[in-house]
There are 2 protein chains.
Amino acid sequence: MEKHKNISMAVIKRLPKYHRYLEELMKNEVDRISSKELGEKIGFTASQIRQDLNCFGDFGQQGYGYNVKELYTQISAILGLDRGYEAALVGAGNIGQAVSNYSRFENLGFKITAIFDANPKLIGMKIRDVEIMDIDEMESVLEEHKIDIGIICVPRKNAQVVADELIRGGVRAIWNFAPVDLVVPDHVKVENVHLSESLLTLIYLLNESES
Amino acid sequence: MEKHKNISMAVIKRLPKYHRYLEELMKNEVDRISSKELGEKIGFTASQIRQDLNCFGDFGQQGYGYNVKELYTQISAILGLDRGYEAALVGAGNIGQAVSNYSRFENLGFKITAIFDANPKLIGMKIRDVEIMDIDEMESVLEEHKIDIGIICVPRKNAQVVADELIRGGVRAIWNFAPVDLVVPDHVKVENVHLSESLLTLIYLLNESES
DNA sequence: TAGATTGTTAATCGATTAACAATC
DNA sequence: TAGATTGTTAATCGATTAACAATC
């Protein structure tokens with residue numbers, strides 16, 4: 001399976017969508033699907049789907065299409081969902097609490113096992129059985145505990161410092177909810193959830209269609 | 001200013017980023033900036049920045065660059081931030097509450113003026129002075145009150161129904177936090193915040209860089 | 001076998017980058 | 001004026017779509 005190299009971002013960003021639609025098809029007990037049918041569901045061209053999937057392997061069968069269950073398993077493996085992930089969340093404010101409480105992630109093998117905040121009022125509180133710790137303890141916790149993913153939900157001005165600290169603690173992937181572009185070394189991956197940018201895009205589109 | 005047509009999504013998605021960086025430059029009291037300097041800050045090529053901006057007008061001056069304040073004003077206007085927006089949020093669970101509480105939006109002229117939920121325990125509670133109303137009242141509230149943007153924070157299975165209801169009530173833009181792709185008529189714009197997809201992308205990148 | 005649908009190559013389309021004359 | 005930097009056209013690069021032989 002060494003096809004795996006130099007996959008474009010465009011393709012990568014579509015993988016989770018395939019995953020979601022295949023999960024749904026499985027739930028509806030659909031056994032097979034052609035690229036044409038899947039394309040109609042998902043809103044892609046059949047051609048694009050075949051191109052995308054062929055970046056990773058030959059999952060289909062001529063004259064038949066794709067076996068839903070098998071393809072789902074394959075995509076899950078490609079995404080890396082065949083193992084679990086431990087995350088540490090920093091910043092237990094509005095968004096931090098929402099993310100901590102979001103149960104949908106657990107099906108994906110994703111677990112938040114540590115939560116940090118600087119606010120004394122929050123420290124000691126529990127979110128889904130995980131106690132909020134003092135951010136000063138983060139360094140030592142990261143040392144004794146292997147964390148895959150850091151989640152940054154702190155105010156903008158603290159985000160970079162927290163990122164640096166997470167990286168020093170061995171974190172290789174950062175899910176960033178703060179409205180900044182973090183500066184990180186090459187071996188660290190960042191995925192941003194920039195809510196304001198998303199909202200501004202929507203506002204632009206709203207006005208565009210009205211004018 | 002009728003250059004405004006047929007702007008590609010790639011460009012539109014970059015506009016909020018320009019807005020953010022220009023805001024920061026203004027705060028730092030920078031008067032002028034060249035496409036080269038801005039590019040270095042923001043991580044785009046100078047060429048791309050000039051191309052992007054020229055979709056909307058001639059904002060620069062040869063030999064000088066761009067006036068930060070003026071460009072910021074222009075980008076704000078392009079994004080539609082020269083007026084205010086009223087939003088209705090549906091689903092006051094984890095994410096709904098986080099979004100309701102997110103104060104950063106108010107600087108953008110964006111205000112959540114109505115919140116709905118189906119849960120009797122939540123109805124009557126207040127979030128930032130806005131009372132959570134019974135979702136059954138939504139139809140009448142939308143009738144008497146002009147709402148620009150609907151925010152969907154309900155569970156997946158209810159999202160499409162809520163979207164339909166918002167659209168019937170005259171909403172033209174939907175900010176969707178539910179993990180579904182909504183089906184809407186052409187004149188309605190949807191911007192998705194798909195947290196699971198974002199997380200899966202990050203997990204993929206994490207594994208890619210490790211292998 | 002015949003029909004369907006894949007994997008893959010080639011053609012097209014769109015977005016990014018480079019180059020440079022215009023000009024402040 | 002000379003240097004700097006734009007706006008814009010042309011070249012390149014990459015992503016999407018179309019086409020079709022291979023084959024289940």
Side-chain angles (χ1 to χ4, degrees), chain A residues 1-18 21-22 25 30-75 78 201 204, chain B residues 1-18 21-22 25 30-75 78 201 204:
Chain A
M1 218 240 268
E2 272 316 300
K3 270 194 165 183
H4 237 280
K5 288 286 152 197
N6 296 101
I7 308 297
S8 79
M9 244 324 180
V11 174
I12 295 170
K13 290 273 179 191
R14 283 193 290 270
L15 291 175
K17 208 155 245 188
Y18 291 127
Y21 276 87
L22 287 163
L25 286 167
V30 178
D31 284 334
R32 59 165 284 277
I33 195 159
S34 69
S35 56
K36 186 160 173 288
E37 287 172 292
L38 184 58
E40 278 157 12
K41 269 198 171 296
I42 218 170
F44 300 161
T45 63
S47 209
Q48 180 160 70
I49 291 175
R50 295 205 300 279
Q51 287 273 28
D52 284 356
L53 297 179
N54 279 103
C55 293
F56 303 100
D58 297 359
F59 305 131
Q61 192 173 47
Q62 279 101 328
Y64 173 82
Y66 298 86
N67 178 292
V68 171
K69 203 165 179 177
E70 195 197 304
L71 188 55
Y72 175 78
T73 308
Q74 293 283 0
I75 301 264
I78 290 162
T201 303
Y204 176 90
Chain B
M1 215 241 270
E2 271 316 299
K3 268 193 164 181
H4 237 280
K5 288 285 150 196
N6 297 101
I7 307 296
S8 78
M9 242 327 177
V11 175
I12 295 169
K13 290 272 179 193
R14 281 192 293 268
L15 291 176
K17 208 154 244 190
Y18 291 127
Y21 276 87
L22 287 164
L25 286 166
V30 178
D31 285 333
R32 59 165 285 276
I33 195 158
S34 67
S35 55
K36 185 162 173 287
E37 287 171 295
L38 184 57
E40 277 157 13
K41 268 199 172 296
I42 218 170
F44 301 160
T45 64
S47 209
Q48 179 162 72
I49 290 175
R50 295 205 300 279
Q51 286 274 27
D52 284 356
L53 297 179
N54 279 102
C55 293
F56 303 100
D58 296 358
F59 305 131
Q61 192 173 47
Q62 280 102 328
Y64 173 81
Y66 299 86
N67 178 292
V68 170
K69 204 167 179 176
E70 197 197 302
L71 189 55
Y72 175 77
T73 309
Q74 293 283 1
I75 300 264
I78 290 162
T201 302
Y204 175 90

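- Distance check, rounded to the nearest 0.5 Å: CG of Leu38(A) to CG of Leu25(A) gives 6.5 Å.
- Between Arg50(A) and Tyr66(A) the shortest side-chain heavy-atom distance falls below 4.5 Å.
- The CD-P distance, from Glu40(A) to dT5(C), rounds to 11 Å in whole Å.
- Nearest heavy atoms, Leu15(B) versus Ile75(B): O-CG2, 4.0 Å.
- Between Tyr18(A) and Phe44(A), the gap from one ring centroid to the other is short of 6.0 Å.
- Proximity of Ser47(A) to the phosphate of dA18(D): no side-chain N or O atom is located under 4.0 Å from OP1 or OP2.
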request  = For ring pair (Phe, Tyr, Trp, His ring centres under 6.0 Å), just list the numbers for Tyr21(A) and Tyr72(A), CA-CA rounded to whole Å, side-chain angles, deciding distance to a tenth of an Å, and then say yes or no.
outcome  = CA-CA 9 Å; Tyr21(A) 276 87; Tyr72(A) 175 78; over 10 Å; no
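- Figure legend: Arg32(A) and Tyr64(A) shown as a cation-pi pair, the cationic atom lying under 6.0 angstrom from the six-membered ring centre and within 45 degrees of its axis.
- In this structure, Asn54(B) atom CG and dA18(C) atom C1' are separated by 16 Å, rounded to whole Å.
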For nucleotides 21-24 of chain C, which of its nitrogen or oxygen atoms have a protein nitrogen or oxygen under 3.5 Å away, and what is each distance?
| unit_1 | atom_1 | unit_2 | atom_2 | d |
| --- | --- | --- | --- | --- |
| dC24(C) | O3' | Gln61(B) | NE2 | 2.6 |
| dC24(C) | O2 | Gln62(B) | O | 3.3 |

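- Computed from coordinates, the Leu53(B) CG to dG7(D) C1' distance equals 11 Å when rounded to whole Å.
- Between dG7(D), dT5(D), dG7(C), one nucleotide has an atom nearer to the side chain of Arg32(B) than all others, and that is dT5(D).
- Dashed line: the shortest gap from a side-chain N or O of Arg50(B) to OP1 or OP2 of dG7(D) is not under 4.0 Å.
- Residue contacts shown for Ser34(B) are limited to sugar-phosphate atoms, with no base heavy atom under 4.0 Å away.
- Side-chain contact between Asp31(A) and Lys69(A) is absent, with no heavy-atom pair separated by less than 4.5 Å.
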From CA spacing to verdict: salt bridge (charged side-chain N to carboxylate O under 4.0 Å, His left out), Lys41(A), Glu37(A) = CA-CA 6 Å; Lys41(A) 269 198 171 296; Glu37(A) 287 172 292; over 6 Å; no
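- Going from atom CD of Glu70(B) over to atom P of dT6(D) covers 13 Å, rounded to whole Å.
- In this structure, dT12(C) and dA15(D) make a Watson-Crick or G-U wobble pair, each of the two defining distances being under 3.5 angstrom.
- For Tyr66(B) and dT5(D), the OH to C1' distance is 9 Å, given to the nearest whole Å.
- Minimum interatomic distance between Ile49(A) and Ser35(A) (heavy atoms only, all atoms of both residues): CD1-O, 3.7 Å.
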ask   = Which letter, B, S or -, goes with each nucleotide of nucleotides 10-16 of chain C from 5' to 3', with contact meaning a protein heavy atom under 4.0 Å?
value = B----SS
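- Base pairing annotation: dT6(C) forms a Watson-Crick or G-U wobble pair with dA21(D), both donor-acceptor distances under 3.5 Å.
- Taking atom CG on Leu71(B) and atom C1' on dT6(D), their separation rounds to 13 Å, with Å as the unit.
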